[in-house]
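Notes follow once the structure below has been shown.
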Amino acid sequence: MNDLVAPMLAWYDAHARELPWRGEHATPWSVMVSEFMLQQTPVARVEPVHRLWMESWPTPAALAAAPSGEAVRAWGRLGYPRRALRLHAAATVIVEAYDGQVPSSYDDLVGLPGVGPYTAAAIAVFGYGERHAVLDTNVRRVLARLVVGDELPPVAVTSAERRRAEDLLPQDDAEAATWSIALMELGALVCTAAKPTCSGCPVADQCAWRAAGYPAYDGAPRKAQTWAGTDRQCRGRLMAVVRESPDPVPSSRLDRAWSDDAQRARCLTSLLTDGLLVETAVGYALPG
DNA sequence: AAGTCGTGGAA
DNA sequence: TTTCCAAGACT
């Protein structure tokens with residue numbers, strides 16, 4: 001094993017957060033739910049929603065039996081509500097094709113709706129203890145600094161990154177899983193994007209970026225995401241109105257939620273196309 | 001392959 | 001106040 005593993009495992013043992021989807025009570029399904037929710041959404045906001053979600057739908061079958069609109073409603077304000085739809089769709093596939101059991105192999109998992117390379121690896125590793133490299137934004141950043149000496153990883157995952165992550169993976173399955181979650185936790189708590197606290201890093205003495213004097217990121221500038229006035233904001237407004245209403249919402253109420261007629265109409269259409277809303281005789285509603 | 005898709009807390 | 005962005009997936 002390389003010289004990074006022991007200090008990383010010891011650090012994780014001492015500093016890991018206790019989260020509902022970790023530990024003995026976690027199930028592959030609770031891990032899967034957490035991974036969907038954590039896609040682009042901070043831990044602090046996921047925790048309470050995950051807790052309620054698991055009470056309502058403790059198994060894939062329970063979720064699959066519910067209307068997809070209930071999943072969207074329970075998703076609340078986590079953002080990117082299509083993830084709720086995809087999780088519901090994935091639960092349906094799990095019931096129909098996997099006898100209600102979350103599959104354990106990466107290849108089966110990555111075939112599920114809403115499950116990409118990261119999420120498939122995370123479920124296989126954290127849900128089942130399979131040995132597989134897990135490349136999320138935290139791991140990528142930590143390895144970029146620690147091994148390569150760059151402040152930030154490339155915009156898109158490269159084959160070099162994947163090979164590097166696989167090369168560093170401990171041979172033992174359980175140890176490899178802890179290694180991966182430790183890298184993620186370090187990236188989330190210590191080796192953060194903006195202001196890393198290297199004084200708290202267990203492998204700072206081996207860090208290539210630190211040794212090089214913290215050279216600044218020199219890759220292509222990341223595009224700043226605009227927000228005000230975008231379709232995303234408009235869609236969010238419309239969804240919020242419908243989500244918080246127990247009854248179908250007449251279009252007159254949606255008119256008040258967004259003033260630009262053309263944009264509102266365009267967004268409404270896209271929400272219907274996405275399956276996030278349906279049109280009923282008395283107004284717009286979450287899908288049944 | 002570059003754009004799109006939500007949200008709210010922190011800097 | 002404005003800006004930035006947090007465990008990605010999909011097209």
Side-chain angles (χ1 to χ4, degrees), chain A residues 16-17 19-22 26 30-50 72 75-87 89-90 109-127 132-143 152-158 161 165 177 180-189 191-196 217 220-244 257-258 263 266-267 269-271 273-277:
Chain A
R17 293 167 290 183
L19 298 171
W21 48 89
R22 289 183 184 165
S30 71
V31 170
M32 179 168 167
V33 171
S34 78
E35 295 303 341
F36 268 73
M37 293 181 172
L38 288 164
Q39 291 167 5
Q40 302 286 281
T41 304
V43 166
R45 287 175 41 212
V46 165
E47 263 199 270
V49 180
H50 181 273
V72 173
W75 197 257
R77 309 185 70 81
L78 285 182
Y80 294 143
R82 292 189 296 185
R83 291 181 293 166
L85 240 32
R86 291 174 185 149
L87 181 52
L109 287 163
V110 82
L112 296 173
V115 177
Y118 162 73
T119 302
I123 297 170
V125 173
F126 307 137
H132 202 286
V134 180
L135 269 186
D136 81 320
T137 186
N138 287 308
V139 173
R140 296 182 61 218
R141 183 176 59 251
V142 170
L143 294 185
L152 297 171
V155 174
V157 177
T158 65
E161 282 186 276
S180 291
I181 194 65
L183 284 178
M184 290 176 64
E185 196 78 339
L186 188 75
L189 300 180
C191 194
T192 54
K195 227 164 61 83
Y217 176 72
R222 281 136 206 257
K223 58 186 187 302
Q225 41 178 246
T226 55
W227 175 246
T230 60
D231 282 5
R232 291 163 73 188
Q233 184 185 29
C234 178
R235 284 165 56 104
R237 288 275 181 83
L238 299 177
M239 284 304 298
V241 172
V242 178
R243 205 170 49 225
E244 285 147 29
W258 195 263
Q263 187 176 27
R266 178 173 71 244
C267 289
T269 297
S270 73
L271 290 170
T273 300
D274 287 348
L276 283 165
L277 293 180

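The analysis underlying the following values was restricted to heavy atoms, covering all of them including side chains, and did not include hydrogens, waters or symmetry mates. Throughout, a chain's letter reflects where its sequence line sits, starting with A, and its residues are numbered from 1.
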Identify all pairs in which a protein N or O lies below 3.5 Å from an N or O of nucleotides 8-11 of chain B, and state each distance.
from: B:dG8; atom 1: OP1; to: A:R77; atom 2: NE; distance (Å): 2.0
from: B:dG8; atom 1: OP1; to: A:R77; atom 2: NH2; distance (Å): 3.4
from: B:dG8; atom 1: OP2; to: A:R77; atom 2: NH2; distance (Å): 3.2

Task: Distance, P atom - from C:dA9 to B:dG8, rounded to whole angstrom - done: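 Here B:dG8 and C:dA9 have their P atoms 23 Å from each other.
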
- [ ] Sticking with atom P, work out how far B:dA11 lies from C:dA7, rounded to a whole angstrom.
- [x]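 Result for the P pair: 15 Å, nearest Å.
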
With a non-hydrogen cut-off below 4.0 angstrom, is [X] in contact with a base, only sugar-phosphate, or nothing?
{"X": "A:W21", "result": "base"}
{"X": "A:R266", "result": "nothing"}
{"X": "A:G79", "result": "base"}
{"X": "A:S34", "result": "nothing"}
{"X": "A:R140", "result": "nothing"}
{"X": "A:V46", "result": "nothing"}
{"X": "A:L19", "result": "base"}
{"X": "A:T41", "result": "base"}

Can you measure [X] atom [atom1] to [N] atom [atom2] for me and round it to whole angstrom units?
{"X": "A:E47", "N": "B:dT7", "atom1": "CD", "atom2": "P", "answer": "21 Å"}
{"X": "A:R232", "N": "B:dG3", "atom1": "CZ", "atom2": "P", "answer": "13 Å"}
{"X": "A:Y80", "N": "B:dG3", "atom1": "OH", "atom2": "C1'", "answer": "11 Å"}
{"X": "A:R86", "N": "B:dT4", "atom1": "CZ", "atom2": "P", "answer": "16 Å"}
{"X": "A:D231", "N": "B:dT7", "atom1": "CG", "atom2": "C1'", "answer": "16 Å"}
{"X": "A:W258", "N": "B:dG6", "atom1": "CH2", "atom2": "P", "answer": "12 Å"}

Task: side chain to side chain contact (heavy atoms under 4.5 Å, CB included) assessment of A:S270 paired with A:D231 - done: CA-CA 10 Å; A:S270 73; A:D231 282 5; over 6 Å; no

Task: Side-chain N,O (A:R243) to OP1/OP2 (B:dG6) below 4.0 Å - done: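 So the side chain of A:R243 is outside the cut-off, no N or O lying under 4.0 Å from OP1 or OP2 of B:dG6.
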
Open item on the list: Whether the side chain of A:T230 engages the backbone of A:W227 through a donor-acceptor N/O pair (distance < 3.5 Å, no angle test) should be reported.
Closed with: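 Judged by distance alone, yes, a pair lies under 3.5 Å.
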
- [ ] For A:M184 and for A:G114, find the nucleotide of DNA chain C with the closest heavy atom, then tell me which residue's nucleotide is more 5'.
- [x]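 Between the two, 5'-proximity favours A:M184.
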
- [ ] May I ask you to decide whether A:R22 forms a salt bridge with A:E185, counting only side-chain N to carboxylate O separations under 4.0 Å?
- [x]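 So A:R22 pairs with A:E185 through a salt bridge.
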
TODO: Run the salt-bridge test on A:R77 and A:E244 with the 4.0 Å N-O cut-off and return the result as yes or no.
DONE: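 Result for this pair is yes, salt bridge flagged.
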
Task: Value rounded to 0.5 Å, distance of CE in A:M239 from CG in A:L276 - done: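 Output value for this atom pair is 4.5 Å.
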
Task: Separation between OG1 of A:T137 and CD of A:Q40, rounded to the nearest 0.5 Å - done: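 Atom-to-atom, A:T137:OG1 and A:Q40:CD are 8.0 Å apart.
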
TODO: Check the pair A:Q263 / A:W258 against side chain to side chain contact (heavy atoms under 4.5 Å, CB included), numbers first and verdict last.
DONE: CA-CA 8 Å; A:Q263 187 176 27; A:W258 195 263; 2.8 Å; yes

Open item on the list: For a quick test of reading the model, state the closest non-hydrogen atom pair linking A:A26 to A:V31 and the distance between them.
Closed with: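 Looking at all heavy atoms of both residues, the closest pair is CB-CG2, 4.5 Å.
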
Task: Heavy-atom closest contact (A:M37 atom, A:R83 atom, distance) - done: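 That closest heavy-atom pairing would be O-NH1, 2.9 Å.
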
Task: For chain A, the stretch of DNA chain C it reaches, first to last nucleotide, under 4.0 Å of its heavy atoms - done: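 From 5' to 3', the first and last contacting nucleotides are C:dC4 to C:dC10.
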
- [ ] List the steps and the verdict of side-chain hydrogen bond (donor to acceptor under 3.5 Å, both in side chains) for A:Y118 and A:Q39.
- [x] CA-CA 9 Å; A:Y118 162 73; A:Q39 291 167 5; over 6 Å; no

